[in-house]
2 protein chains.
Amino acid sequence: MARAVSETHDEILIAASRRFAVTGYKGTSLQDIARAVGCSKATVLYHFANKEALLGKLMAPAITVLEALDARLAGQTGAAAQQVATEGFVDLAVRFRREIALLRGEFPDLLQQPAFAHIQQISERLVDAFAGHSDRPVARIAALVVLAGIAETCAEFIDIPDDELRPALLAVVRRAVEPVS
Amino acid sequence: MARAVSETHDEILIAASRRFAVTGYKGTSLQDIARAVGCSKATVLYHFANKEALLGKLMAPAITVLEALDARLAGQTGAAAQQVATEGFVDLAVRFRREIALLRGEFPDLLQQPAFAHIQQISERLVDAFAGHSDRPVARIAALVVLAGIAETCAEFIDIPDDELRPALLAVVRRAVEPVS
DNA sequence: AACTCATCTGACCGATCGGTCAGCGTCTGA
DNA sequence: TCAGACGCTGACCGATCGGTCAGATGAGTT
């Protein structure tokens, strides 16, 4: 029955990604994942230390890209920051739609965990950039509407082609965001 | 120890609303609610048939208003529908911020339940109205960004005064939504 | 005093969760 | 040939979940 390492390992990652995206992280049990793969729950926990480690592996690429965007954002202000944030975040959201979907609604909980704590700071800096670093509530509210709206919309439109979703999102963001004074 | 009916009953509703808004529906146990009230879990289940019934009582006012908005929307098309949807939904979202917060991320699950099934149809009609009844993907994507963004933002800004949040949301919606052709 | 009835509770239930562990075959290199 | 590593599993664990139930309490009525 024993297969090569990478085989079952990767099958678990794929199945977990699919199940998480449909029923969420909390809503998916290790048993569910094992059933989808066709192995035992113990096998899942043989390949991954625990459920959180499995999520970590799935999220790693998205987080890397997010951190890179955050780094690019560091040197920018005003309209330039807005543009970098817009293009960078829309790109990221479209590309990692599945990862966003699996976090749906569990963001508040997950951000509490130390492993994801810095994500909160990054998203705050993103809101900041969308708002053109203005501290006026009107600008910050618009920024959050845009940020949250993109994330949710990407999670919803899983099957639409990338090059249809991306320009539509860019268009709505550019209209919605408050122009810098 | 026995108190008047309405007292404990209402205390449970208040405590449940608060706990749900912080830790979500699934993330809040009946034990949590009982502890917050200062009674036993069995008492919670004496006053409410089950956990779902408790949620139903909390959501009822918001759902009534949502249904009323849906009814008002029925006769409208194009730009008129956009305007009714915008003002109606922003108003609703601001007013029922707490109720939206407690549904955060559990919308997909809850909509499966027959008791909330019609909500899905209503929200689809809302997206339709925001899109000015256009079926162009660009318009529908913008509509969903706006709808989801408002909901999430309202849940986030729980403490800001209504008359600061409402005009800011109206402003961003009017910019973001695709103008009808 | 005896009875009724709403309120409330501790003890308990089956189900499910994430996670542990001893041990099962099988493959491989010395 | 054989020891050990590897992939995998069933049985089990403690915790927690939503929910049930018989019975205690106490106030009001007769």
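We name chains A, B, ... by the order of the sequence lines, and we start the count at 1 in each one.
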**Request:** Determine, step by step, whether A:Ile33 and A:Leu54 satisfy the side chain to side chain contact (heavy atoms under 4.5 Å, CB included) criterion, reporting the C-alpha distance in whole Å, the side-chain angles of both residues, the deciding distance to 0.1 Å, and the verdict.
**Result:** CA-CA 11 Å; A:Ile33 296 166; A:Leu54 186 48; 3.9 Å; yes
**Prompt:** Quick one: on DNA chain D, does A:Ala42 or A:Tyr46 contact a more 5' nucleotide (nearest heavy atom)?
**Reply:** A:Tyr46
**Message:** Without decimals, in angstroms, what is the distance between A:Leu30 CG and C:dT16 P?
**Reply:** 15 Å
**Prompt:** So, do A:Leu55 and A:Leu102 sit near enough that their side-chain heavy atoms are less than 4.5 Å apart?
**Reply:** yes
**Item:** Spacing between A:Arg35 atom CZ and D:dC8 atom C1', to the nearest angstrom
**Value:** 18 Å
**Exceeds 12 heavy-atom contacts within 6.0 angstrom, atom NZ of A:Lys26** = yes
**Asked** Taking OP1 and OP2 of C:dA6, is either one under 4.0 Å from a side-chain nitrogen or oxygen of B:His47?
**Response** no
**Message:** I need the CD-C1' distance between B:Glu7 and C:dA6, as an integer number of Å.
**Reply:** 14 Å
**Asked** Of the nucleotides C:dT9, C:dG18, D:dC8, which has the atom closest to the A:Ser29 side chain?
**Response** C:dG18
**Message:** Between the side chains of B:Arg125 and B:Asp128, is the shortest nitrogen-to-carboxylate-oxygen separation below 4.0 Å, so that they form an ion pair?
**Reply:** no
**Prompt:** Tell me: CG of B:Asn50 to P of D:dG18, nearest whole Å?
**Reply:** 11 Å
**Message:** Students often get this wrong, so: under 4.0 angstrom with heavy atoms, is B:Leu45 touching a base, only sugar-phosphate, or nothing?
**Reply:** base
**Request:** For C:dT9, take OP1 and OP2 only and decide whether either is under 4.0 Å from a side-chain N or O of B:Ser40.
**Result:** yes
**Message:** Pick the closest DNA chain C nucleotide for A:Thr28 and for B:Thr43 by heavy atoms, then say which residue is nearer the 5' end.
**Reply:** B:Thr43
**Request:** Test for a donor-acceptor pair under 3.5 Å between the base of C:dG18 and the side chain of A:Lys41, counting only N and O atoms.
**Result:** yes
**Asked** How many Å lie between CD on B:Gln31 and P on D:dT20, as a whole number?
**Response** 16 Å
**Asked** Heavy-atom distance under 4.5 Å between the side chains of A:Met59 and A:Leu103, does that happen here?
**Response** yes
**Item:** Atom-pair distance (CD1 on B:Ile33; P on D:dT16), nearest Å
**Value:** 17 Å
**Prompt:** D:dC8, D:dG19, D:dT9: which one has an atom nearest the side-chain heavy atoms of A:Cys39?
**Reply:** D:dT9
**Request:** Whole angstrom is fine here: how far is it from CG in B:Leu55 over to P in D:dG18?
**Result:** 12 Å
**Item:** Whole angstrom value for the distance that separates C1' of C:dC8 from CD1 of B:Ile12
**Value:** 10 Å
